[in-house]
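Note that ligands are numbered from 1 as they come in the structure, with each ligand's atoms numbered from 1 the same way. Predicted, not measured: the structure shown is a model, and the values here were computed from it.
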Amino acid sequence: MKSLQDSVQFVKGVGPARLELLNRLGVKTVRDLLYLIPRGYEDRTQMTPIVKLRLGDRATIRARVVIAEKYRAKGGRPMARVEVEDDTGRLICTWFNARFFKEADFPAGRELILTGKVDFYKIPQMVSPQYEPADEGAALFGPRILPVYSLTEDLNQTGLRKVLKVAVEEYAPLLQEFHEAKFLSERNLPPLTEAIRQVHYPDSMEQAQRARRRLAYDEFFMLETGMALRRRSLRHEEYGIQFEISDAVDARIRRRFPFKLTGAQERVIGEIRQDMAAPVPMNRLLQGDVGCGKTVVALYGMLAAVANHYQAVIMAPTEILATQHYETLCRWLADSRVRIRLLVGGLPARERDETRAAIAAGEADIVVGTHALVEGDVQFKKLGLVVVDEQHKFGVLQRATLRQKGRQPDVLVMTATPIPRTLALTVFGDLDVSVIDEMPPGRQPVKSQWYPPAKLPAAHEFIRQRLTAGEQAFVVYPLVEESEALDLKAAVSSQEELQRKVFPEFRVGLLHGRMRSDEKDRIMMEFRAGRTHLLVSTVVIEVGIDVPNSTIMVVEHAERFGLAQLHQLRGRIGRGGKPAFFLLFAEPKSDDAKKRLQIICSTSDGFKVAEEDLKLRGPGEFFGTRQHGLPELRVADIIEDFRLLRVARRDAFDLVARDADLSAPEHAPLRARVEETFKDRLDLIHVG
Ligand code: ADP
Ligand code: MG
């Protein structure tokens with residue numbers, strides 16, 4: 001019996017070699033194969049006569065071989081050249097690096113189907129066109145619209161087309177429809193089997209579009225059904241804590257803040273106050289650009305919990321950041337009775353044990369820490385509020401673990417990776433979303449500019465001026481795992497050189513991720529205290545670090561950073577009310593890299609940066625959906641298909657409202673599909 005769970009090796013045309021290549025694309029079962037969606041199409045219903053070819057067009061022609069030859073280019077590179085003709089003219093095809101080219105495959109007179117971009121050099125040309133013998137191709141596919149798949153090298157288009165032709169014919173009918181016919185026709189969506197057939201071998205481009213729309217809808221629908229189920233189960237959980245935040249408590253908390261809150265901070269605090277007072281556990285995402293002042297909002301919630309005799313915890317992704325939070329809180333709460341504790345991995349064992357004991361005994365009111373909080377066995381006496389800072393740096397499990405250290409505690413997750421609000425509502429469907437969209441007063445927009453590396457000496461001169469004026473600066477190097485040793489060396493030797501040759505009159509520090517954490521802390525403290533003037537660093541300064549006196553950041557090899565990263569880095573400077581400069585040095589090789597640099601220099605609005613980032617990287621990467629325990633989107637595009645997403649969301653929430661556990665008999669196929677999609681992840685779709 002055939003099944004969609006069959007290994008792809010059972011499909012005709014899949015031998016051991018092709019099996020491995022398919023596996024590399026993540027295709028293991030026949031179902032995976034059917035869901036290998038083409039990235040585009042090639043319209044062979046239209047063969048262009050050679051005489052009608054136009055420069056720059058992508059076209060398909062049918063022509064006979066006149067002569068084929070293999071030769072060596074000047075550098076010794078093997079090249080191939082095939083001249084072809086139809087009844088209207090001649091065309092020359094060229095292949096560079098034609099190592100595997102065999103003249104015998106191109107006997108004079110053989111008819112070929114060739115697809116490629118049209119160029120002209122005396123007569124029409126195509127460079128590296130796709131080709132296949134017309135008899136074979138025509139017999140197989142006929143003059144129709146053919147799929148174009150994204151390939152790994154060696155897996156050729158024609159071969160994959162053949163495999164999919166067979167798979168679609170033999171297996172597509174086995175796909176189990178999970179929507180009712182009426183439901184589909186109301187939304188102008190084709191049945192599943194037809195959609196899979198038409199997405200690979202469409203009868204027309206309209207059909208291909210319609211098929212794609214159905215598959216995109218399905219992805220959204222699954223995503224949103226997961227959200228709806230999760231949200232519903234939350235509402236049914238036992239009651240959370242009802243904190244009492246009287247006006248007196250409110251006033252007492254506010255007296256601790258050394259500045260006047262912005263309107264946006266006020267609004268969000270209002271939302272949190274309401275959530276915390278309500279019986280349903282708070283489950284809120286707070287987003288706001290770097291430097292907008294999220295910490296103080298979190299502190300409000302923590303102090304409200306403490307006023308109610310509960311403990312509060314804030315978890316940050318790095319020790320530096322946790323330490324900084326700890327110090328800020330200690331400063332703001334000096335001379336209060338609130339007991340604050342720091343728990344990070346770098347503590348000496350004895351101190352760590354002692355801190356743990358204090359937390360368990362309820363002798364700590366506010367606990368600040370890193371993932372050390374979720375590793376090992378940290379227990380709270382009475383945990384009421386969990387705050388996760390820079391939530392995207394943590395895995396779903398780490399966040400869930402922290403939450404489970406209390407009984408239905410309120411949860412606030414914070415992120416500086418802004419997501420367009422409507423999208424956030426949709427993608428974090430089970431969270432309430434707050435946004436801080438206003439900067440504290442006195443911020444100067446950071447001037448961002450991009451230069452070739454040759455201009456570095458000029459930047460050094462500029463840095464000298466600012467350092468002389470008493471300001472501070474960063475020089476940032478990339479550090480990635482694959483080339484870690486080399487990257488580290490670059491940063492280390494740059495620090496030496498800057499100190500010795502360029503800025504002997506100043507102190508140049510070095511900070512990188514490979515250092516021991518106490519060492520990192522010491523260096524960061526020195527910089528914050530102004531004892532070091534220039535800090536050479538790898539991206540460990542990325543999140544959260546606050547040094548108001550720093551006004552310049554130079555980023556070397558900026559082409560190697562992602563957009564979000566660059567924006568985060570930029571947020572480190574320009575916090576002190578003086579003009580600030582973000583200077584990027586880069587030699588971008590790819591178009592994407594160029595685009596990233598252009599975007600970052602053209603706007604300082606985090607939401608715009610995020611939107612562009614989303615477009616460049618696609619939603620899967622951007623949201624790290626795997627991390628959220630959400631199904632991956634392969635066909636659907638959150639931006640392009642946003643209207644469809646809204647339809648799917650409404651449908652999914654309606655469905656769950658009517659049949660919360662999908663137990664109605666007519667929902668059986670749908671339920672099976674949902675279970676298959678989420679497996680055991682459904683209870684993890686939570687908290688960002
Ligand atoms: P982020 O949202 O990036 O975590 P922080 O909470 O670290 O931002 O705040 C950035 C800086 O702005 C801090 O130095 C903080 O003390 C300051 N800040 C926050 N809110 C205000 C405000 N309302 N007025 C003035 N300064 C503020
Ligand atoms: Mg922060």
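- Per-residue contacts place T262 under 4.0 angstrom from the following atoms of ligand 1 (heavy atoms of the residue considered): 23 (N).
- Listed by number with element, the atoms of ligand 1 under 4.0 Å from a non-hydrogen atom of C292 are 2 (O), 8 (O).
- Near K260, with a cut-off below 4.0 Å to any heavy atom, the atoms of ligand 1 are 22 (C), 23 (N), 24 (N).
- The shortest separation from a heavy atom of A416 to ligand 1 is not under 4.0 Å, leaving the residue out of contact.
- Of all the heavy atoms of M414, none lies under 4.0 Å from any atom of ligand 1, so neither backbone nor side chain is involved.
- Taking a 4.0 Å cut-off on heavy atoms, G288 fails to register as neighbouring ligand 1.
- Classification of the F257-Y300 ring pair by plane angle, with boundaries at 30° and 60°, yields tilted.
- A donor-acceptor contact closer than 3.5 angstrom is absent between the side chains of H557 and R560.
- The cationic group of K382 lies under 6.0 Å from the six-membered ring centre of Y310 and within 45° of the ring axis, placing it in a cation-pi geometry.
- Summarising the local packing, CD of E244 is surrounded by 12 or fewer heavy atoms from other residues, nucleotides or ligands at distances under 6.0 Å.
- Looking at ligand 1, you won't find any N or O of F259 less than 3.5 Å from one of its N or O atoms.
- Salt bridge R341/E363: absent, no basic N to carboxylate O contact under 4.0 Å.
- No more than 12 heavy atoms of other residues, nucleotides or ligands lie within 6.0 Å of NZ in K595, so this atom counts as exposed by the packing criterion.
- The number of heavy-atom neighbours closer than 6.0 Å to CD of E587, taken from other residues, nucleotides and ligands shown, is 12 or below.
- Ligand 1 has a nitrogen or oxygen under 3.5 angstrom from a nitrogen or oxygen of G293.
- Near T295, meaning under 4.0 Å from any of its heavy atoms, are these atoms of ligand 1: 4 (O), 5 (P), 6 (O), 7 (O).
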